[in-house]
Amino acid sequence: MTAAASAALLLAAAAGCGDVDDGGASGKTGTAGRGGTLTVFAAASLTETFGALGKVFEAAHPGVKVRFGFGGSSTLAQQITQGAPADVFAAASPATMKTVTDGGDAAGTPQVFTRNRLVIAVPENDPGKVRKLADLSRPGLKVVLCAVQVPCGAAAEKALGAAGVEVEPASREQDVKAVLTKVSLDEADAGLVYRTDARAASGKVKGIEFPESAQAINDYPIVEVAKAPHSALAKEFIGLVLGPRGRDALTRAGFEAP
């Protein structure tokens with residue numbers, strides 16, 4: 001399902017009911033005050049799903065805007081520890097979340113809200129004739145991976161190691177969307193991306209499942225940032241993500257239950 005279609009469905013679900021929160025402190029959204037901008041830092045792989053949930057949140061909070069900062073989790077975590085003003089942080093791995101918690105920049109304990117696994121992304125015409133993970137080691141095949149310090153890169157290394165496959169990437173990108181872009185533009189024959197990203201780019205790339213992905217599944221934690229400018233709204237947004245509507249949106253996008 002496209003991001004636009006997901007947003008439409010979620011907005012329809014929100015219509016006619018004053019609450020979209022399924023687990024926040026108040027039990028209902030719309031109680032955290034009027035106006036303001038909620039800033040959410042989130043892993044790049046959450047772009048489509050969180051974008052749709054942001055529209056639902058805004059519909060239930062007249063005057064409130066949700067501003068997202070999407071990118072590599074390690075970069076976002078570093079920005080938070082350096083004082084970037086954010087209300088919520090959703091990371092693509094516990095390791096990158098630990099940067100924030102170790103720095104004393106999390107308000108409370110992070111909660112895992114979903115999981116994700118890798119697929120091999122290839123252009124629609126699949127010029128490299130890729131069928132399995134071992135194919136990525138073929139000479140002459142242009143493969144793009146995430147940088148090892150970001151969750152998609154760490155997961156790729158773990159999956160390749162589990163399969164005993166060695167790959168010399170043509171480039172390492174700072175987040176999964178950058179890998180996906182290179183594949184979709186035929187600048188690479190293949191890349192390792194999350195299943196959800198391949199699904200969101202359906203029609204531009206094909207996602208090839210491989211069994212070794214089970215050895216490198218990423219948990220996604222979410223937390224309110226310490227000294228959040230809009231703490232009450234942050235709690236309500238986290239409640240939306242953790243609740244039934246958030247779980248449904250994530251499942252439709254291809255994420256897995258934690």
Side-chain angles (χ1 to χ4, degrees), residues 1-13 40-58 66-73 75-76 88 90-93 96 113-126 130 143-147 150-156 159 171 173-210 213 216-222 237 240-241 245-258:
M1 179 176 291
T2 66
S6 295
L9 284 173
L10 286 166
L11 285 167
V40 179
F41 279 16
S45 50
L46 293 165
T47 300
E48 291 80 16
T49 306
F50 267 34
L53 288 173
K55 293 182 186 301
V56 172
F57 196 81
E58 289 175 347
V66 182
R67 180 179 63 191
F68 291 102
F70 293 112
S73 294
T75 299
L76 297 175
V88 176
S93 73
T96 46
F113 64 97
T114 197
R115 310 178 85 197
N116 211 349
R117 69 174 68 206
L118 298 173
V119 298
I120 305 166
V122 298
E124 271 291 306
N125 60 347
D126 189 14
V130 175
V143 179
V144 179
L145 301 176
C146 288
V150 297
C152 60
S171 68
E173 305 300 323
Q174 290 305 305
D175 63 58
V176 70
K177 293 298 186 186
V179 173
L180 191 70
T181 296
K182 286 207 166 185
V183 175
S184 66
L185 294 176
D186 288 326
E187 295 177 3
D189 299 312
L192 291 180
V193 305
Y194 293 118
R195 172 193 286 168
T196 53
D197 293 290
R199 183 176 295 189
S202 177
K204 296 180 180 178
V205 305
K206 293 190 294 187
I208 301 170
E209 303 273 350
F210 59 95
S213 67
I217 296 176
N218 277 9
D219 289 337
Y220 283 52
I222 189 169
F237 184 84
L240 172 61
V241 172
R245 290 192 180 98
R247 289 195 300 270
D248 180 60
L250 289 160
T251 299
R252 288 202 312 269
F255 289 93
E256 301 177 11

Original post:
Would F50 and F70 count as a ring-ring contact (aromatic ring centres under 6.0 Å, His included) if you check the C-alpha gap in whole Å, the side-chain angles of each, and the deciding distance to 0.1 Å?
Top reply: CA-CA 10 Å; F50 267 34; F70 293 112; 7.1 Å; no
**OP:** Check step by step if side chain to side chain contact (heavy atoms under 4.5 Å, CB included) holds for F255 and L46.
**Re:** CA-CA 10 Å; F255 289 93; L46 293 165; 3.7 Å; yes
**OP:** For the pair D186 and N125, evaluate side chain to side chain contact (heavy atoms under 4.5 Å, CB included) and give the outcome as yes or no after the intermediate values.
**Re:** CA-CA 9 Å; D186 288 326; N125 60 347; 3.9 Å; yes
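V130 places a side-chain heavy atom less than 4.5 Å from the side chain of I208. Looking at heavy atoms from C-beta onward, D189 lies out of side-chain contact with V143 at the 4.5 angstrom threshold. Taking the side chain as every heavy atom from C-beta outward, D175 and V150 never approach each other to under 4.5 Å. Side-chain contact between L192 and I120: present, with at least one pair of heavy atoms (C-beta onward) separated by less than 4.5 Å. No side-chain heavy atom of T47 sits less than 4.5 Å from a side-chain heavy atom of D197.
Remark: side-chain polar atoms of S213 are paired, donor with acceptor, to backbone N or O of F210 under 3.5 angstrom. Distance alone, capped at 3.5 Å, places no donor-acceptor pair between the Q174 side chain and the A147 backbone. Checked by atom type and distance alone, the side chain of Y194 pairs as donor or acceptor with a backbone atom of C152 at under 3.5 Å. S184 places a side-chain N or O within donor-acceptor distance of the main-chain N or O of T181, the cut-off being under 3.5 Å.
With a 6.0 Å radius and a threshold of 12 heavy atoms from other residues, nucleotides or ligands, K206 has its NZ atom above the threshold.
Summarising the geometry of A43 relative to A91, their closest heavy-atom pair is CB-C, 4.3 Å, with the distance given to 0.1 Å. What you find for T96 and S73 is that their closest heavy atoms are OG1-CB, 3.5 Å. Of all heavy-atom pairs spanning A155 and A216, the tightest one is O-CB, 3.3 Å. Taking every heavy atom of both residues into account, A44 and V176 meet most closely at CB-CG1, 4.3 Å. Annotation for V144 and V179: closest pair O-CG1, 3.6 Å, computed over non-hydrogen atoms. Considering all non-hydrogen atoms of both residues, V193 and A121 come closest at CG2-CB, 3.7 Å.
The residues E256 and R195 are annotated as salt-bridged, a charged nitrogen and a carboxylate oxygen being separated by less than 4.0 angstrom.
Atom CZ of R115 sits about 9.0 Å away from atom CG of N218, to the nearest 0.5 Å. The CZ atom of F113 sits 11.5 Å away from atom CG of L240, with the distance rounded to the nearest 0.5 Å.
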